[in-house]
Structures are given as structure tokens and as C-alpha cells.
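The structure appears right after this line, and notes come after that.
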Amino acid sequence: RAAQERSFRAHIAAARAAGLPLIVHARAADRDMLRVLQDESRAGAFTGLMHCFSSGAELAEGALEIGLYISFSGIVTFKKADEVRAIAKSVPLDRVLVETDAPYLAPHPHRGSRNEPAFTALTAARLALDRGVELPAFAAATTDNFFRLFAKATRPGERR
């Protein structure tokens with residue numbers, strides 16, 4: 001654990017120094033993850049993303065408090081994912097993203113098969129429905145969120 005924490009802190013420092021978003025996948029380590037993220041945020045601001053979020057509400061709230069985004073995969077379409085759906089519904093619209101986590105975690109009705117980028121539409125549709133937001137508005141918001149987080153990315157048809 002100590003080696004993992006040192007490595008994680010080094011990644012945060014590198015993201016901070018480079019001005020690039022940190023991508024975090026937390027599994028079965030919510031307390032430690034939140035502690036390190038909060039410690040590091042006090043050492044200096046950084047941006048990032050809680051990737052493929054399936055942790056608890058406390059980690060989600062803490063990540064949002066320090067300015068991170070939260071991304072959801074096909075897990076939100078699974079029958080028994082009530083807690084993750086509740087968390088996803090609580091994330092402010094300007095901080096939520098959707099993802100594939102391909103080749104894993106394909107959304108219903110493709111669960112168990114190879115995940116594909118096109119399936120993010122199913123994840124987005126579920127989240128939009130749960131949040132009471134029209135799908136085009138939800139898609140526009142998550143697209144804007146992506147380009148705000150990954151500020152060095154260029155929108156299609158845009159020049160830098």
C-alpha cells in the first residue's frame with residue numbers, strides 16, 4: 001500500500017506539473033483514495049477524472065469538492081446498480097461524463113459482450129432518463145465537459 005500511495009502521489013504531481021488531467025480508477029480503496037486526493041489538493045490544484053466510477057457516495061462527494069469530474073460506464077444500466085445510479089444522478093451536470101471502459105462493462109442489453117464506443121449512447125440514455133434531462137441536452141453537456149476537462153483536445157472542425 002505504501003508503494004502504491006507513493007506512486008499515486010507522484011502521478012498527481014506529474015498531472016499538476018503538466019497541466020493534464022489525472023485519471024483515477026478507485027476500487028475497494030475509497031477512504032485511502034479520498035485521503036490522498038484531499039491531501040494532494042491542499043498541496044496544489046489539479047484536475048482529473050474518477051474513471052469508471054463504482055465507488056461510494058463519500059468518495060464521489062470528496063472528488064467533486066476538489067474539482068474532479070466523474071465518469072460512468074455501462075454499470076449504470078445493470079439491474080443491481082442502484083447505488084451507482086443514485087450517485088450518478090447526484091453529480092452536477094457540468095461534472096459528469098460517460099465512457100465505455102472497453103472492452104469491459106458493456107451496458108444492457110449488451111452486458112457480457114465486448115463493449116464498443118457506440119454503446120456509450122446507451123449509458124448516456126440511461127443517465128439522462130434517470131436525471132430527467134432530454135438526451136440531446138445530456139449529450140451536449142457531457143461533450144462540453146469532455147472538452148473542458150481535456151482542454152488540449154480539439155473539437156471536430158475546430159482549429160487551434
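Worth saying up front: this structure is predicted, and the values here are computed from it rather than measured.
Under 4.0 Å is where a charged nitrogen must lie from a carboxylate oxygen, and between Glu40 and Arg42 no such pair does. For the pair Arg9 and Glu5, the salt-bridge criterion is met [side-chain N within less than 4.0 Å of a carboxylate O]. Under 4.0 Å is where a charged nitrogen must lie from a carboxylate oxygen, and between Arg126 and Asp130 at least one such pair does.
Between Leu22 and His11, the closest side-chain pair of non-hydrogen atoms falls below 4.5 Å. When side chains are defined from C-beta on, Glu116 counts as touching Arg114, because their heavy atoms get closer than 4.5 Å. Side chains of Phe119 and Thr100 form no contact here, defined as non-hydrogen atoms less than 4.5 Å apart. A heavy-atom distance below 4.5 Å is not found between the side chains of Ser71 and Asp101. Using a 4.5 Å heavy-atom threshold, the side chains of Ile70 and Val96 count as separate. Under the 4.5 Å side-chain criterion, counting only non-hydrogen atoms from C-beta, Leu49 is not in contact with Arg95.
No continuous path of ILVMFWY side-chain contacts below 4.5 Å connects Phe46 to Ile23, so the two sit in separate hydrophobic clusters. Side-chain heavy atoms closer than 4.5 Å link hydrophobic residues (I, L, V, M, F, W, Y) into clusters, and following such links, possibly through other members, connects Phe53 to Leu37. Transitive grouping of hydrophobic side chains (ILVMFWY, heavy atoms separated by less than 4.5 Å) keeps Phe146 and Leu64 in distinct clusters. In the hydrophobic cluster analysis, where Ile, Leu, Val, Met, Phe, Trp and Tyr join through side-chain heavy atoms closer than 4.5 angstrom, Leu149 is grouped apart from Leu93. Side-chain heavy atoms closer than 4.5 Å link hydrophobic residues (I, L, V, M, F, W, Y) into clusters, and following such links, even through other members, never connects Leu97 to Val91.
At least one donor-acceptor pair closer than 3.5 Å links the side chain of Ser41 to the backbone N or O of Gln38.
Taken to the nearest 0.5 Å, the CZ atom of Phe138 stands 13.0 Å off from the CD atom of Glu134. Going from atom OH of Tyr104 over to atom SG of Cys52 covers 11.5 Å, rounded to the nearest 0.5 Å. Taken from CG in Leu127 to OG1 in Thr142, the straight-line distance is 9.0 Å, to the nearest 0.5 Å. Atom CE of Met33 sits about 10.0 Å away from atom CZ of Arg35, to the nearest 0.5 Å. The CZ atom of Arg27 sits 6.5 Å away from atom OG of Ser54, with the distance rounded to the nearest 0.5 Å. Atom CZ of Arg85 and atom CZ of Phe78 lie 10.0 Å apart (nearest 0.5 Å).
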Thr143 vs Arg155, side-chain contact (heavy atoms from CB on, under 4.5 Å): CA-CA, chis, key distance, verdict: CA-CA 9 Å; Thr143 298; Arg155 289 179 185 261; 3.8 Å; yes
Using the rule given for side-chain contact (heavy atoms from CB on, under 4.5 Å), can you reason through Thr47 versus Phe150, listing the C-alpha separation, both sets of side-chain angles and the distance that settles it, and then say yes or no? CA-CA 10 Å; Thr47 188; Phe150 295 96; over 6 Å; no
Is there a side-chain contact (heavy atoms from CB on, under 4.5 Å) between Arg111 and Thr77 once you walk through the steps? CA-CA 9 Å; Arg111 187 170 181 186; Thr77 69; over 6 Å; no
Mind running side-chain contact (heavy atoms from CB on, under 4.5 Å) on Val36 and Ile12 for me, showing each step along the way? CA-CA 10 Å; Val36 172; Ile12 294 171; 4.0 Å; yes
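Ring planes of His51 and His25: perpendicular class, angle over 60° (limits at 30 and 60°).
Nearest heavy atom pair, residue Pro92 against residue Arg131, reads C-NH2, 3.7 Å. Val76 approaches Thr123 most closely through the heavy-atom pair CG2-CG2, 3.7 Å. Residue Ala63 comes nearest to Met50 through the heavy atom pair CB-CG, 3.7 Å, listed as atom of the first residue, atom of the second, then distance.
A donor atom on one side chain and an acceptor atom on the other are found under 3.5 Å apart for Arg148 and Tyr69. When only modelled atom types and interatomic distance are considered, Ser55 and Asp30 share a side-chain donor-acceptor pair under 3.5 Å. Under 3.5 Å, the side chains of Glu99 and Ser73 contain no donor-acceptor pair of N or O atoms.
Partners of Leu129 under the side chain to side chain contact (heavy atoms under 4.5 Å, CB included) rule, at least two apart in sequence or in another chain, do not exist in this structure.
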